[in-house]
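Heads up, the thing below is written out as C-alpha cells.
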Number of protein chains: 2
Amino acid sequence: MSELEAKVLPEATVARLTQYLRALNALESRGLERTSSGVLAKEAGVNPAILRKDLSWLGSYGTRGVGYVVRELSEHINNTLGLNRDWRVLILGAGNLGRALSGYAGFTTRGFKVRAILDVSPELVGTEVGNLRVEPRNDLAEVVRREEINIAVLAVPGDAAQDLVYELGELDVNSVLSFAPKPLVVPRGMNLRRVDLSTELQILAYLAVQP
Amino acid sequence: MSELEAKVLPEATVARLTQYLRALNALESRGLERTSSGVLAKEAGVNPAILRKDLSWLGSYGTRGVGYVVRELSEHINNTLGLNRDWRVLILGAGNLGRALSGYAGFTTRGFKVRAILDVSPELVGTEVGNLRVEPRNDLAEVVRREEINIAVLAVPGDAAQDLVYELGELDVNSVLSFAPKPLVVPRGMNLRRVDLSTELQILAYLAVQP
DNA sequence: ACGTGTGAAACGTTTCACAGCC
DNA sequence: GGCTGTGAAACGTTTCACACGT
C-alpha cells in the first residue's frame, strides 16, 4: 500500500477546503446544524458540483437526499488540513507590512500564533508590535529554536529574501509564506507560497484594459 | 472581425507576463541587451517552453537562433498589460494593513499611484499616511471623482467589504483587489481579485502535514 | 547551429449528468 | 423527491518535440 505516499489532495481542492471551513463556521454561527452542497457552495462562492467532488476526496461524510452535518464536516476538514494542531509563526521584517501581518486577524485564528518578529534595523529592534518585541535578525536560529517555529512569513525586501529562505531551510522551518516580489529558489523539502501584491495590481490593470 | 472581443490572453499567461517584466528589468539593470528563453525563464523562475508559448500570444518578437531584445520585449509586454498608462489607486481602510499597503513598494511602481486612503473610524480620519491624509469613508463618491480613481484596494473587515464593492461598482470603479477574508459577490463588469492571507497559511499547514 | 514558434500530447481542473441511497 | 457521490466529457494549462528562419 504505502508506495511513496504522494500528495493526496489536488492543490485547487485544498485551497477551496479552507473556504468551506469559513463557510461552515458562518452557517454554524447562524444556528444551522445541517446543510447541503447547494447552500454551502453558495456561502463559499463556488458551484455545488465541485464542492461535492472536493468533499469526495475526504470520504463520504454526507447523507444522500439529506446533506451534511455542519459540525461534523467542519471537524473533518479541520483534521484533514492539519488545523487541529498548533502552528507557531515567525514574521521576518518589522516594517509596515510585517507589523500589519502580525496583527492581522486571519493570522491569529485557527491554531496560528505569531510567536516572534525579527528585523535587521537597529531602530526597529526592541520596539513593540502588539504584545511582541522586535528581535534582531541575527538571533534567527535562537528564536526558531526557542519558540519552536514551524511557519515563517517573509515581509522583507526582495534582496534579503533568498538568504533567509536558505537559512530557514537549514533550521528545518519548511513552510514559508513570502511577500517578496521575486521568485525564490526553494531548498528541497520546503513548501513556499508567494503573495505578490504588485502582480495582482498588474493583472487588474490588464483586465481593466480589456474591452 | 470584432465578434464580441473576449479576453485574449489566458489568465495564467497574464500572471506570468508580470514576472517576465520583472525579470527583464533585472537583466537590463545588469547591462544585458539581448536574452533567450532559457536565460529569461531561469530569471523568472519558470520553464523555457511555457515562456515561449506565453510570448507567442503577443506575436513574434524574438529572432530564431538568436533570442529577444530585452528592451523591446519589455516595452511590448508593458503595452500589452496596460502598464503604459496611469493607474490611480484608492485604499479603503487605514488600519495596519491599509497603511502598510499604501507604502508598499510594489504599489507605487509602474504607473500605480496611491491617490487616497479612506476609513470609517473618526480616530483615523485626518491622520497622515505617507504623504496622504486619511479621509472619511462617506466621502467615497467625492474622492473617486476628484482623484479619478480606477483601482480600489479593500483593506477592511469582511463585513464592510461587500457594501463597498457594490458602491464602487456604482461609481464605475471596476477593478478591485480585496484582502477581506470572504468571498464577495461582484457586480457585472467588475474585475475583483482576492488575496486571502489566512487561506495561504492554511494551505501551508496542510502541506506541512503531508508526509 | 541555434533558439524561436507552435502543433500535438499529457496533465490537471471543472462541469455535466445521472445512478444510487436516504 | 431530493441530494450525494462519481464516472465521463469539456475545458484549460503545461510540457514535449521538432520544423523553420536566421
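Each chain gets a letter, A, B and so on, in the order its sequence line appears, and its residues count up from 1.
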>> Is there a side-chain contact (heavy atoms from CB on, under 4.5 Å) between A/V185 and A/V165? Walk through the geometry before answering.
In response: CA-CA 8 Å; A/V185 179; A/V165 163; over 6 Å; no
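- At D/dC3, none of the side-chain N or O atoms of A/S36 fall inside 4.0 Å of OP1 or OP2 (strictly under the cut-off).
- Proximity of A/S60 to the phosphate of D/dG5: a side-chain N or O atom is located under 4.0 Å from OP1 or OP2.
- In terms of phosphate contacts, A/N47 brings no side-chain nitrogen or oxygen within less than 4.0 Å of OP1 or OP2 of C/dT14.
- Proximity of A/Y68 to the phosphate of C/dC22: no side-chain N or O atom is located under 4.0 Å from OP1 or OP2.
- Contacts of B/P48 with the nucleic acid, taken as non-hydrogen atoms under 4.0 Å apart, are absent.
- Put simply, B/R16 has no side-chain N or O that comes within less than 4.0 Å of OP1 or OP2 on D/dT13.
- With rounding to whole Å, B/L55 atom CG is found 11 Å from C/dT6 atom P.
- Of the candidate nucleotides D/dA8, D/dT14, C/dA17, D/dA8 has the atom nearest to the side chain of A/K53.
- Rounded to whole angstrom, the span from the CD atom of A/E11 across to the C1' atom of D/dG12 amounts to 16 Å.
- Atom C1' of nucleotide D/dT14 and atom CG of B/D54 are separated by 10 Å, given to the nearest angstrom.
- One donor-acceptor pair, N or O on each side, does fall under 3.5 Å between the base of C/dG5 and the side chain of B/R52.
- If you measure from atom CH2 of B/W57 to atom P of C/dG7, you get 11 Å, rounded to the nearest angstrom.
- Looking at A/H76, its side chain does come within 3.5 Å of a backbone N or O of A/L58 through a donor-acceptor pair.
- Atom NZ of B/K42 and atom P of C/dG3 are 15 Å apart (whole Å).
- Dashed line: the shortest gap from a side-chain N or O of B/T63 to OP1 or OP2 of D/dT22 is not under 4.0 Å.
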